[in-house]
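Chain naming here is simple, since letters A, B, ... match the order of the sequence lines and numbering starts at 1 in each. All values reported here derive from a predicted model rather than from experimental measurement.
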Amino acid sequence: MPELPEVETVRAGIEQHVVGRTIATAEVFNPRAVRRDVAGPAGFAAALTGRTFLRAERRGKYLWFALDDTEALLAHLGMSGQFLVGDPVRPLSPHVRVRFTFTDGGPDLRFTDQRTFGHLMLVPIAYPADMSRVVPEPIVHIAPDPLEDAFDAKDFAARLRRRKTQVKRALLDQSLISGIGNIYADEALWRARLHWARPTDTLRPAEVSRLLEAVREVLSEALKAGGTSFDALYVNVNGESGYFDRSLNAYGREGEPCGRCATPIRRDAFMNRSSYSCPKCQRPSPVARSAATPAPAVAGGGRQPA
DNA sequence: ACTCCCCCCTGTTAGC
DNA sequence: TGCTAACAGGGGGGAG
């Protein structure tokens, strides 16, 4: 649910409100929230007590907080995870899974997660002497995201075109490019005028450049708007919604006019979810443009635009 | 080595 | 009104 702009907004909130503070107590209310931590709920809580948040880092949709030069708290928000900072005596909502209080007696930090797809875990991390950036071992398979220095556009283009899949599946594959989810995949494809089912191995270099440009634009613009909130499930650490939903051109706009050509946006079933696109601006393949019929069968897919 | 699909959850909403 | 099914921003693990 939260994609790069939402997760980055949360990271910045933790950096501002939590970094530099020392944990007084850690409580795990739902063991599922720490299911990937080998120490279990009690071990996790004990290991976090007395530790200090030193910095707040992110790659794609993963967050981690250095506790010293050898360990970090790794977090993923899943579909509905939130980090909320607030008055420690406010009522505990039913979806709070983990709670941290701090030795300064100030605002506490609550990991709240309705659907429990998110998780927290204490992980080893080997920071070099100069404390330069490193990524925790459990997420080494996550590719750099398009807003970080380590992202290599040429390498991404080459790997993308080598894939035998559809372009939207590739955009959602966090081991190829990270940080993009269903909303921003649809938005980037709309901006780049590419159909979601386009076979990656038919993409021309110029189309890949256009796509990457669109990805960077939409992620940056959404970040400036504080992310996209359709409902109360995404909010920043202060409980405030983002307002990028007002700027969406495709996602969630079935039947509404395309901002470029006024053709109604369509919704297709895709990977047990939805794909929104403009049937006129985003043709299945360049060949379709010259054909009298709407579109030839999608190569290698077996998936027809229903 | 890839690619794809199911499944993990809870809550809301559309449809009968 | 009330039940049921579909759907929701993600990703790991295993099947093929």
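Note: OH (Y234(A)) to P (dT12(B)) measures 21 Å, nearest angstrom. Residue Y276(A) contributes atom OH, which lies 7 Å from atom P of dG9(C) at whole-angstrom precision. Atom CG of N272(A) is separated from atom P of dA8(C) by 9 Å (rounded to the nearest Å). What separates CG of D113(A) from C1' of dG9(C) is a distance of 12 Å, to the nearest Å. D173(A) places its CG atom 11 Å from the P atom of dC2(B), with the value rounded to the nearest Å. If you measure from atom CZ of F270(A) to atom P of dC7(C), you get 15 Å, rounded to the nearest angstrom. For the pair K164(A) NZ and dC4(B) P, the interatomic distance rounds to 11 Å; values are reported in whole Å. As rounded to whole Å, 13 Å separates atom C1' of dG9(C) from atom CG of L219(A).
In this structure, N182(A) and K168(A) approach most closely via the heavy-atom pair OD1-NZ, 2.6 Å.
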(request) Any chance you could encode DNA chain B as dot-bracket? Rule is Watson-Crick or G-U wobble with both distances under 3.5 Å; [ ] for pairs crossing earlier ones, | for another strand. (result) .|||||||.|||||||
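Of the side-chain N and O atoms in T165(A), one or more sit less than 4.0 angstrom from OP1 or OP2 of dC4(B). Contact annotation: S80(A) side-chain N/O to dG11(B) OP1/OP2 distance is not under 4.0 Å. In terms of phosphate contacts, R169(A) brings no side-chain nitrogen or oxygen within less than 4.0 Å of OP1 or OP2 of dT3(B). Taking side-chain N and O atoms only, Y251(A) has a distance below 4.0 Å to OP1 or OP2 of dG9(C).
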(message) Would C258(A) and N249(A) count as a side chain to side chain contact (heavy atoms under 4.5 Å, CB included) here? Give the steps.
(response) CA-CA 7 Å; C258(A) 168; N249(A) 287 294; over 6 Å; no
Output a table of donor-acceptor pairs, distance under 3.5 Å, between side-chain atoms of residues 34-55 of chain A and any protein atom two or more places apart or on a different chain; print 'none' if there are none.
residue, atom, partner, partner atom, Å
R35(A), NH1, R32(A), O, 2.6
R35(A), NH1, G118(A), O, 3.1
R35(A), NH2, F117(A), O, 3.0
D37(A), OD1, A39(A), N, 2.9
D37(A), OD2, L122(A), N, 2.8
T49(A), OG1, A45(A), O, 2.8
R51(A), NH1, A47(A), O, 3.3
R51(A), NH1, E71(A), OE1, 3.0
R51(A), NH2, D68(A), OD2, 3.0
R51(A), NH2, E71(A), OE1, 3.0
T52(A), OG1, T22(A), OG1, 2.6
R55(A), NE, E57(A), OE2, 3.2
R55(A), NH1, M131(A), O, 2.8
R55(A), NH2, E57(A), OE1, 3.3
R55(A), NH2, M131(A), O, 3.0

Review item, side-chain donor-acceptor pairs of residues 84-99 of chain A, under 3.5 Å, at least two apart:
residue, atom, partner, partner atom, Å
D87(A), OD1, V89(A), N, 2.9
R90(A), NH1, G86(A), O, 3.3
R90(A), NH1, D87(A), O, 2.9
R90(A), NH1, D108(A), OD1, 2.8
S93(A), OG, H95(A), N, 3.4
R97(A), NE, H95(A), O, 3.4
R97(A), NE, D113(A), O, 2.8
R97(A), NH2, D113(A), O, 3.0
R97(A), NH2, Q114(A), O, 3.2
R99(A), NE, D108(A), OD2, 2.7
R99(A), NH1, E27(A), OE1, 3.1
R99(A), NH2, P88(A), O, 2.9
R99(A), NH2, D108(A), OD2, 3.3

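Contacts of R246(A) classified as side chain to side chain contact (heavy atoms under 4.5 Å, CB included), with partners at least two apart in sequence or in another chain: Y243(A). By the ring-ring contact (aromatic ring centres under 6.0 Å, His included) test, Y276(A) pairs with Y251(A), sequence neighbours left out.
At least one side-chain heavy atom of L172(A) sits less than 4.5 Å from a side-chain heavy atom of M271(A).
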Polar atom pairs between nucleotides 11-14 of chain C and protein, under 3.5 Å, N or O only, would you list them?
residue, atom, partner, partner atom, Å
dG11(C), OP1, H76(A), NE2, 2.8
dG11(C), OP2, K61(A), NZ, 2.9
dG12(C), OP1, Y62(A), OH, 2.3
dG12(C), OP2, H141(A), NE2, 3.3
dG12(C), O3', R36(A), NH1, 3.4

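With distances taken from any side-chain atom of S274(A) to the nucleotides dT10(B), dC8(B), dA8(C), the minimum falls on dA8(C). Relative to the side chain of E3(A), the nucleotides dT3(B), dT10(B), dG9(C) differ in distance, and dG9(C) lies closest. For R267(A), the listed nucleotide lying nearest its side chain is dA8(C); candidates were dG9(C), dT3(B), dA8(C). Across dC9(B), dT10(B), dG9(C), the shortest atom-to-atom separation from the side chain of F117(A) is found for dC9(B).
Using P as the reference atom, dA14(B) and dG9(C) are 16 Å apart when rounded to the nearest Å. Rounded to whole Å, the separation between the P atoms of dA1(B) and dG11(C) comes to 23 Å. Only the P atoms considered, dA5(C) is 16 Å distant from dC7(B), to the nearest whole Å.
Residue order along DNA chain B, read from the 5' end via each residue's closest nucleotide, puts R162(A) first among R162(A) and R32(A).
Using a cut-off of 4.0 Å between Lys/Arg side-chain N and Asp/Glu carboxylate O, E6(A) and K61(A) are scored as not salt-bridged. Salt bridge annotation for E207(A)-R161(A): absent, with no cationic side-chain nitrogen under 4.0 angstrom from a carboxylate oxygen.
A side-chain donor from one of R198(A) and T202(A) sits under 3.5 Å from a side-chain acceptor of the other.
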